[in-house]
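The residues of the chain are indexed from 1 along the displayed sequence.
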Amino acid sequence: MSLKISVDPAGATAPYEQLRAQIAGQARTGRLPVGFRLPTVRGLAEELGLAANTVAKAYKALEADGVIETRGRNGTFIAAAGDTAAREAAAAAQAFADRAHRLGLPQDEALALAADALRARYAG
């Protein structure tokens, strides 16, 4: 099993975000299984022709999202917490629902606003 990533430095999306999204997607689908060891920051940066800071920024975001975990000198691995993203999304949805209710928005209007935000985010 190997990490298959392609980053377009001239693309509309920042390279670190392209990297973050691809690793997260592959972890979510199981293509990168729990416990898979990722390359070092420096190694992946060299492989992709990116600055080490770009890869480090992607790894930091992935770790904050619970997708990967760093085990000190042992390396960086796909985390076992596969439901982290779903739990965080559910918490964000609950916070939105609570806020919309406090603002007095009708349910259909709150749903439409959430759907518009999701369409805008996933369109690109």
Side-chain angles (χ1 to χ4, degrees):
M1 169 137 334
S2 65
L3 182 63
K4 295 192 185 203
I5 300 288
S6 66
V7 175
D8 178 7
T13 304
Y16 91 90
E17 176 57 24
Q18 293 176 49
L19 180 58
R20 187 212 58 77
Q22 289 180 52
I23 292 173
Q26 290 180 36
R28 187 174 47 256
T29 63
R31 186 175 178 321
L32 294 176
V34 169
F36 178 83
R37 185 176 183 179
L38 293 168
T40 64
V41 167
R42 211 173 274 165
L44 187 55
E46 287 176 15
E47 183 181 325
L48 297 175
L50 297 172
N53 286 344
T54 300
V55 176
K57 186 174 181 179
Y59 275 20
K60 184 176 181 178
L62 287 162
E63 192 161 24
D65 291 344
V67 175
I68 65 172
E69 60 186 3
T70 301
R71 300 178 191 163
R73 292 180 173 248
N74 292 322
T76 303
F77 300 83
I78 299 298
D83 293 334
T84 300
R87 280 195 308 272
E88 287 191 30
Q94 185 63 55
F96 170 77
D98 291 345
R99 180 78 173 142
H101 187 262
R102 278 194 308 273
L103 291 171
L105 293 175
Q107 182 178 351
D108 59 339
E109 190 175 335
L111 280 170
L113 290 168
D116 287 347
L118 287 167
R119 271 192 297 280
R121 173 37 102 189
Y122 284 91

Inter-residue atom distance [X].[atom1] - [Y].[atom2], 0.5 Å rounding:
{"X": "Lys57", "Y": "Leu19", "atom1": "NZ", "atom2": "CG", "result": "12.0 Å"}
{"X": "Leu113", "Y": "Leu118", "atom1": "CG", "atom2": "CG", "result": "11.0 Å"}
{"X": "Gln22", "Y": "Leu32", "atom1": "CD", "atom2": "CG", "result": "10.5 Å"}

**Prompt:** Heavy atoms, side chains only, cut-off 4.5 Å: are Ile23 and Tyr59 in contact?
**Reply:** yes

**Item:** Validation row: Arg119, Asp116 side chains within 4.5 angstrom (heavy atoms)
**Value:** yes

**Request:** Give a yes or no on whether Val7 and Leu62 share a hydrophobic cluster (residues Ile, Leu, Val, Met, Phe, Trp, Tyr; joining criterion: side-chain heavy atoms under 4.5 Å apart).
**Result:** yes

**Request:** Using the test salt bridge (Lys or Arg N to Asp or Glu O under 4.0 Å), find all partners of Glu69 that sit at least two apart in sequence or belong to another chain.
**Result:** Arg71

**Item:** Sequence-distant partners of Glu17, salt bridge (Lys or Arg N to Asp or Glu O under 4.0 Å), two or more places apart
**Value:**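 With neighbours one apart ignored, the set is Arg20.
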
When the side chains of residues 37-52 are checked against the rest of the protein, which donor-acceptor pairs come out under 3.5 Å, sequence neighbours left out?
from: Arg37; atom 1: NE; to: Asn74; atom 2: O; distance (Å): 3.3
from: Arg37; atom 1: NH2; to: Asn74; atom 2: O; distance (Å): 3.1
from: Thr40; atom 1: OG1; to: Gly43; atom 2: N; distance (Å): 2.9

**Message:** Quick check: closest heavy atoms across Ala79 and Gly66, and the distance to 0.1 Å?
**Reply:**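 Nearest pair, atom of Ala79 first, then Gly66: CB-O, 3.4 Å.
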
**Message:** Ignoring hydrogens, what is the shortest heavy-atom contact between Leu3 and Phe36? Give both atom names and the distance.
**Reply:**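 Smallest interatomic distance, heavy atoms only, reads N-CZ, 4.0 Å.
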
**Request:** Evaluate side chain to side chain contact (heavy atoms under 4.5 Å, CB included) for Gln26 paired with Ile5, printing each intermediate quantity in order.
**Result:** CA-CA 10 Å; Gln26 290 180 36; Ile5 300 288; 3.8 Å; yes

